[in-house]
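By convention in this document, chain letters (A, B, ...) are assigned in the order of the sequence lines, proteins followed by strands, and residues within each chain are numbered from 1.
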Amino acid sequence: MSRYEPREIEGRWQRVWSEEGTWEVPNPGQEGFDPEKPKAYVLEMLPYPSGEPHVGHLKCYSLGDAIAHFRRRNGYEVIHPMGFDSFGLPAENNAIKTGEPPLVATERSIASFRRQFADWGVSIDWSRELATHTPEYYRWTQWIFLQLFERGLAYRTQAPVQWCPKDATVLANEQVVDGRCERCGTEVETRNLRQWFFKTTEYAQQLLDDFDELESWPPHVITMQKNWIGRSEGAEVTFRCESANLDFPVFTTRPDTLFGATFFVMAPEHPYLDQLIEGTEVEDEVREYVNGVARASVAERGDEGRPKTGVPLGRTVTNPVNGEEIPMFVADYVLMDYGTGAIMAVPGHDERDYEFAQVFDLPVKRVIEGEPEEGGDANGLPYSGDGPMVGSGRFDGMNNREAYGEIVDWLKLESRGDAAVNFRLRDWLVSRQRYWGAPIPIVYCDECGMVPVPEDQLPVRLPEIDDYAPKGKSPLAAASEWVETTCPKCGAAAERETDTMDTFVDSSWYFLRYLDAQNSEAAWDREAADHWMPVDQYIGGVEHAILHLLYARFFAKALKDMGHVGVVEPFANLFTQGMITRDGAKMSKSKGNTVSPSEIVARHGADAARTYVCFMGPPERSGDWTDEGVEGVHRFLSRLWRLGEELSAGAAGPVVLPDGLEGEAREVGAKAHWAIDKATGDFGRGFQFNTVIAAVMELVNEIYRVKDGLIAEGGDGAEAVRFATATAASLIQPFAPHLSAEVYEKLTGERVWEVAWPEADPEMLRSDTVTIVVQVGGKVRDRIEVPDGAPEDEILAAAKAAENVARHLEGMAIVKEIVVPGKLVNLVVKPA
RNA sequence: GCCCGGAUGGCGGAAUGGUAGACGCCGCGGCCUUAAAAGCCGCUGUUCUUCGGGACGUGCGGGUUCGAGUCCCGCUCCGGGCACCA
């Protein structure tokens, strides 16, 4: 007999799918569109094409493809597109090193990715392919920018921003982790620059509220986003500096501690600082401090354990609740970009303020009574718990929670404050001083100022340049022919914006472009979007839990408010896959423990590679790659293939399980229906693919057990084996589509992907007798076979009669009898 | 420090409160073969055994229950996320 040669089989079926465009689906209004068919949008996160795909991609697309196939065979019209997130720094950094234009390297990588995805046999509608670096795509990225700009959701302003010296560009807050660049790990610096922002804060509350709209997201991803958005309730209270004639609003979550405020602290970047110190004797000292802070890295400043530092300003503000004058300080533990950049300090009830008070020997005042907490001083301060108010005038004696509301009401009455909500979320900084991204479609004119490029002049094409090296501003600034333009409004000489957009902008809307990828008149057609959105199953790595997923959610909400889409949440269901490790460690070239998907596919076939990554274990958890594991799966597929060969000697034709089977023929038929039931159930429970595959393995093992006898016998027995084999092929299709198509066609003459997912026959799931476990005192002592549905007394009698049970009942009295029908008997005993 | 996960054979992992270890890997034995590869069949938690079976066993300590890997309380260790956000 010949051998299972996966590459031969796979190539053959891949050609069929490609030539016939099997996975292409029509939009509403197009030929072949069936409005009756339910839709399913299955999407894996947009890959960044760099070199070759890795096993993480293999896992992601294997999982997604399994879902796509399963849904198709359950009657859904499945849209399953693919594209490339092809703007980005790696290609540009490569260009700086080698001089090779990013476009060239990018297109090479895309070709390699496309080839391998095809090689894996992933069921993709390639007619919808997109790449974010193409003018056909970024034209619409620019269009969305202008849409946001028109509505004030994109704006340009000067602000302290985070600068990565290695990547030579500013970064969004989300892209700074522990004071380091999320991409390259370099410590970031603070710079005061004019930059473009998207107003994500406008949607802060909605980004929280709309979690209710989601069907199924991993709870920890929602938690991470909630933490990132960081909503706090409290009050805004105004402190007045009489000597400078300035009002300072502060945000506090503890208005109940207002009477305990003994000093006042401002962030070093606070815009009023200059006015406060100019010409005073502390001016030099403060400036030196502020400059020192500016020089320090963000990571250093973020270190919580560091001793508190600061400088007194020699001025006071008035505490609005009691008229006390309290001293002002500048200190770097107060951050400019949270709240108002200034705080009231309550050392008696806030740990950080307490530390600062210790350094400067400032008074610490208790305003809430309570049991001392761990780490408090001799007076039990700072105290963060609840209790009755003290030293707080007419609020004394009240519980602090009650006083909280009373104080806010009083502040409001006096016009000195009000209840307030604050978010940690900041606006998204989207401009980058780099080349390989979508140009920001704005022109600066001496007369008209900032002018958006009119829609009909899009795209603003990225020019070709020679020198990609960053020089503190975008390399585009040197392309003078491109920069110099005319004002779209008045026609005078004008200059283009030279910054490009963060590549996360590109990937914040790509799932909409897929729905109408060829449209040259619009980014997408509203009807197409209404039909396909939202994404029914989104799959990707948890590393995007905040960045990409938050930005895409923001886009969906803004686009909805602008009337371009009908949904507020783009991804109804999210699945985050775990990493594949090797020898327990993350794969990396430097460790030399990488696994190359192309090698695995060449050696064992795409079907084995795909089935293995789904079989490794629960896909949300990380799993360790072993070559032996792939070989095991290959062995299993090979067994199934050989069954196909052995059984396809006769003519292919309809395979039906005959009625009235007995003995092994009945057993193998029942096993097939058991596998259908198990596989269908586990598919319904999410991504439990390992047990689906295990069920098909069990079925194949059962077929091997009985096949020789039944085939020799011929007739219904042989037909039962054929049915079981066709069923195994059918059930493995979402994971091993090529082998499945091959075996299924040989047996039945049909194309498995066009065949409905099988249904288990309840009649075949039942058996005449059931095995009942008999326990004595909770310990398994024997097993008995009884007719299905036998009455309890009959079961009990049989149980007590069982040999090993009888032995354990000797000298014992039965005190209780538990009977679980069809399962188990437990005889509770005590010594007689 | 706070918030999530997780802990089951030599390994990856299965188990609606009801037979712990499905399925796969590794290992061992047999068949086939001149031989090997491939394949097929069987065994494979630990331990005791008079070979009938017995004891122990899901990170640790308690509890609920006829019955707990599963539920409750208290820990340990490992992984991840957040952390001067007023």
Side-chain angles (χ1 to χ4, degrees), chain A residues 1 3-4 177-178 218-224 226-228 230-232 234 250-254 257 265 267 301-306 308 331-335 337-346 349-353 355-356 374-375 422-426 542 545-546 578-579 612 615-618 620-633 635-636 638-639 642 678 681 688 690-698 700-701 704-705 708 771-783 803-804 807-808 815-820 822-829:
Chain A
M1 186 188 285
R3 278 170 66 126
Y4 169 47
V177 179
D178 287 336
H220 69 276
V221 172
I222 293 179
T223 306
M224 281 165 76
K226 280 186 178 168
N227 288 343
W228 187 263
R231 184 183 195 274
S232 328
V250 302
F251 176 73
T252 177
T253 53
R254 295 295 305 274
T257 64
V265 190
R301 181 167 173 186
D303 182 7
E304 208 180 330
R306 207 168 41 100
K308 296 276 180 287
D332 68 357
Y333 83 95
V334 174
L335 311 173
D337 49 11
Y338 184 79
T340 62
I343 62 157
M344 66 172 204
V346 184
H349 301 280
D350 181 283
E351 215 171 300
R352 298 151 303 179
D353 296 343
E355 273 181 48
F356 191 84
E374 213 179 315
N422 224 294
F423 293 93
R424 204 185 85 115
L425 182 75
R426 291 158 216 167
V542 73
I546 293 175
M579 224 181 11
Y612 173 62
F615 183 64
M616 288 174 76
E620 67 275 15
R621 297 223 291 260
S622 64
D624 208 52
W625 180 279
T626 64
D627 291 340
E628 290 80 8
V630 199
E631 281 160 28
V633 169
R635 204 149 33 226
F636 153 66
S638 176
R639 276 159 72 80
R642 284 200 311 274
K678 170 82 177 152
Q688 262 215 344
N690 51 336
T691 54
V692 174
I693 296 162
V696 184
M697 286 174 168
E698 281 195 56
V700 168
N701 290 345
Y704 267 78
R705 185 176 72 83
D708 288 343
T771 305
I772 305 245
V773 170
V774 187
Q775 301 181 333
V776 178
K779 293 192 175 188
V780 180
R781 294 304 179 189
D782 218 333
R783 275 153 252 253
E803 193 190 329
N804 203 40
R807 185 179 18 245
H808 283 91
V815 296
K816 196 167 180 183
E817 296 167 337
I818 314 275
V819 180
V820 183
K823 286 252 169 176
L824 150 152
V825 169
N826 188 9
L827 304 170
V828 186
V829 294

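The residue among Met224(A) and Asn701(A) whose nearest nucleotide of RNA chain B lies closer to the 5′ end is Asn701(A). Between Asp332(A) and Gln688(A), the one whose closest nucleotide on RNA chain B sits nearer the 5' end is Gln688(A).
Here, G27(B) and U65(B) have their P atoms 48 Å apart, quoted to the whole Å. Separating the C1' atom of A22(B) from that of U8(B) is a span of 13 Å, rounded to the nearest Å. Distance check on atom P: G74(B) versus C4(B) gives 13 Å, rounded to whole Å. Comparing G45(B) with G21(B), their P atoms are spaced 10 Å from each other, to the whole Å. Atom name C1', nucleotides A15(B) and U70(B): the rounded distance is 9 Å, in whole Å. Using C1' as the reference atom, G59(B) and C77(B) are 8 Å apart when rounded to the nearest Å. Rounded to a whole angstrom, the distance from the P atom of A83(B) to that of G24(B) is 46 Å. Annotation: G12(B) and A7(B) have their C1' atoms spaced 15 Å apart (nearest Å).
Among the protein residues, Arg426(A) comes within range of the nucleic acid bases, having at least one heavy atom under 4.0 Å from a base atom. Looking at heavy-atom distances under 4.0 Å, Val542(A) makes no contact with the nucleic acid at all. As judged by a 4.0 angstrom heavy-atom cut-off over every strand, Thr626(A) is placed among residues making no nucleic acid contact. Within the 4.0 angstrom heavy-atom criterion, no nucleotide atom of any strand lies near Gly230(A). Across all strands, Pro219(A) comes closer than 4.0 Å to no nucleic acid atom at all (heavy-atom distances). Using a 4.0 Å heavy-atom criterion, one finds that Arg807(A) contacts the sugar-phosphate atoms exclusively. Contacts of Asn804(A) with the nucleic acid, taken as non-hydrogen atoms under 4.0 Å apart, involve only primed sugar atoms and P, OP1 or OP2. In this structure, His349(A) reaches neither bases nor backbone, as no heavy-atom distance under 4.0 Å exists between it and the strands shown.
Between Glu817(A) atom CD and C66(B) atom C1' the separation is 11 Å, expressed in whole Å. In this structure, the CZ atom of Arg424(A) is 10 Å from the P atom of A86(B), given to the nearest Å. Between the C1' atom of G57(B) and the NZ atom of Lys779(A) lies a distance of 11 Å, rounded to the nearest Å. In this entry the distance linking CD of Glu620(A) with C1' of G13(B) reads 12 Å, nearest Å. In this structure, His220(A) places its NE2 atom 11 Å from P of G6(B), rounding to the nearest Å. Across the protein-nucleic acid pair, Glu628(A) atom CD and G13(B) atom P stand 15 Å apart, rounded to whole Å. For the pair Lys226(A) NZ and C4(B) P, the interatomic distance rounds to 12 Å; values are reported in whole Å. Whole-Å rounding puts the Asp624(A) CG to G10(B) P distance at 18 Å.
Classified by its glycosidic torsion, G9(B) falls in the syn category, the angle being within 90° of 0. Applying the 90° criterion around 0 to the glycosidic angle, G52(B) comes out syn.
For Tyr333(A), the ring-ring contact (aromatic ring centres under 6.0 Å, His included) partners two or more places apart in sequence, or in a different chain, are Phe356(A). Not counting sequence neighbours, the partners of Arg426(A) by the side-chain contact (heavy atoms from CB on, under 4.5 Å) test are Asn173(A), Asp337(A). Residues forming a side-chain contact (heavy atoms from CB on, under 4.5 Å) with Ala695(A) (at least two apart in sequence, or on another chain): Trp674(A), Lys678(A). Residues passing the side-chain contact (heavy atoms from CB on, under 4.5 Å) test with Glu631(A) are His604(A), Asp627(A), sequence neighbours excluded. The side-chain contact (heavy atoms from CB on, under 4.5 Å) test applied to Glu620(A) returns Phe575(A), Pro618(A), not counting sequence neighbours. Every salt bridge (Lys or Arg N to Asp or Glu O under 4.0 Å) that Asp350(A) has, sequence neighbours left out, goes to Arg352(A). Partners of Arg231(A) by salt bridge (Lys or Arg N to Asp or Glu O under 4.0 Å), not counting sequence neighbours, listed by chain and number: Glu233(A). Residues passing the ring-ring contact (aromatic ring centres under 6.0 Å, His included) test with Trp625(A), sequence neighbours excluded: Tyr612(A). For the salt bridge (Lys or Arg N to Asp or Glu O under 4.0 Å) test, no residue two or more places apart in sequence or in another chain qualifies with Glu351(A).
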Protein and nucleotides 38-40 of chain B: nitrogen or oxygen contacts under 3.5 angstrom:
residue, atom, partner, partner atom, Å
G39(B), O3', Arg642(A), NH2, 2.7
C40(B), OP1, Arg639(A), NH1, 2.6
C40(B), OP1, Arg642(A), NH2, 2.8

When you compare the protein's N or O atoms with those of nucleotides 19-22 of chain B, which come within less than 3.5 Å of each other, and at what distance?
residue, atom, partner, partner atom, Å
U19(B), O2, Arg783(A), NH1, 2.1
A22(B), O2', Glu698(A), OE2, 2.6

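What you find for Asp782(A) and Glu803(A) is that their closest heavy atoms are OD2-N, 3.8 Å. Closest approach of Asn804(A) and His808(A) over heavy atoms only: O-ND1, 3.0 Å. Between Val221(A) and Val542(A), the shortest heavy-atom distance links the atoms CG2-CG2, 4.3 Å.
Put simply, the side chain of Asn826(A) and the base of C66(B) share a donor and an acceptor less than 3.5 Å apart.
Of the candidate nucleotides C84(B), C56(B), C66(B), C84(B) has the atom nearest to the side chain of Lys308(A). Which of A86(B), C3(B), C84(B) sits closest to the side chain of Thr223(A) comes down to C3(B). Among A86(B), C4(B), A14(B), the nucleotide with an atom closest to any side-chain atom of Pro618(A) is A14(B).
OP1 or OP2 of U65(B) has not a single side-chain nitrogen or oxygen of Lys816(A) nearer than 4.0 Å. Proximity of Arg781(A) to the phosphate of G53(B): no side-chain N or O atom is located under 4.0 Å from OP1 or OP2. For G79(B), neither phosphate oxygen OP1 nor OP2 lies less than 4.0 angstrom from any side-chain nitrogen or oxygen of Arg621(A).
With a 3.5 Å limit on both pairing distances and Watson-Crick or G-U wobble geometry required, the stems of 3 or more pairs in RNA chain B span B:1-7 with B:76-82, B:10-12 with B:23-25, B:27-31 with B:39-43, B:45-48 with B:53-56, B:59-63 with B:71-75.
The backbone N or O of Val774(A) sits nowhere less than 3.5 Å from a side-chain atom of Arg783(A) that would complete a donor-acceptor pair. Checked by atom type and distance alone, the side chain of Asn690(A) never pairs as donor or acceptor with a backbone atom of Met616(A) at under 3.5 Å.
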### Message
Show, in sequence, the C-alpha distance, side-chain angles and deciding distance for Asp332(A) and Arg306(A), and conclude whether the salt bridge (Lys or Arg N to Asp or Glu O under 4.0 Å) test is met.
### Response
CA-CA 11 Å; Asp332(A) 68 357; Arg306(A) 207 168 41 100; 3.1 Å; yes
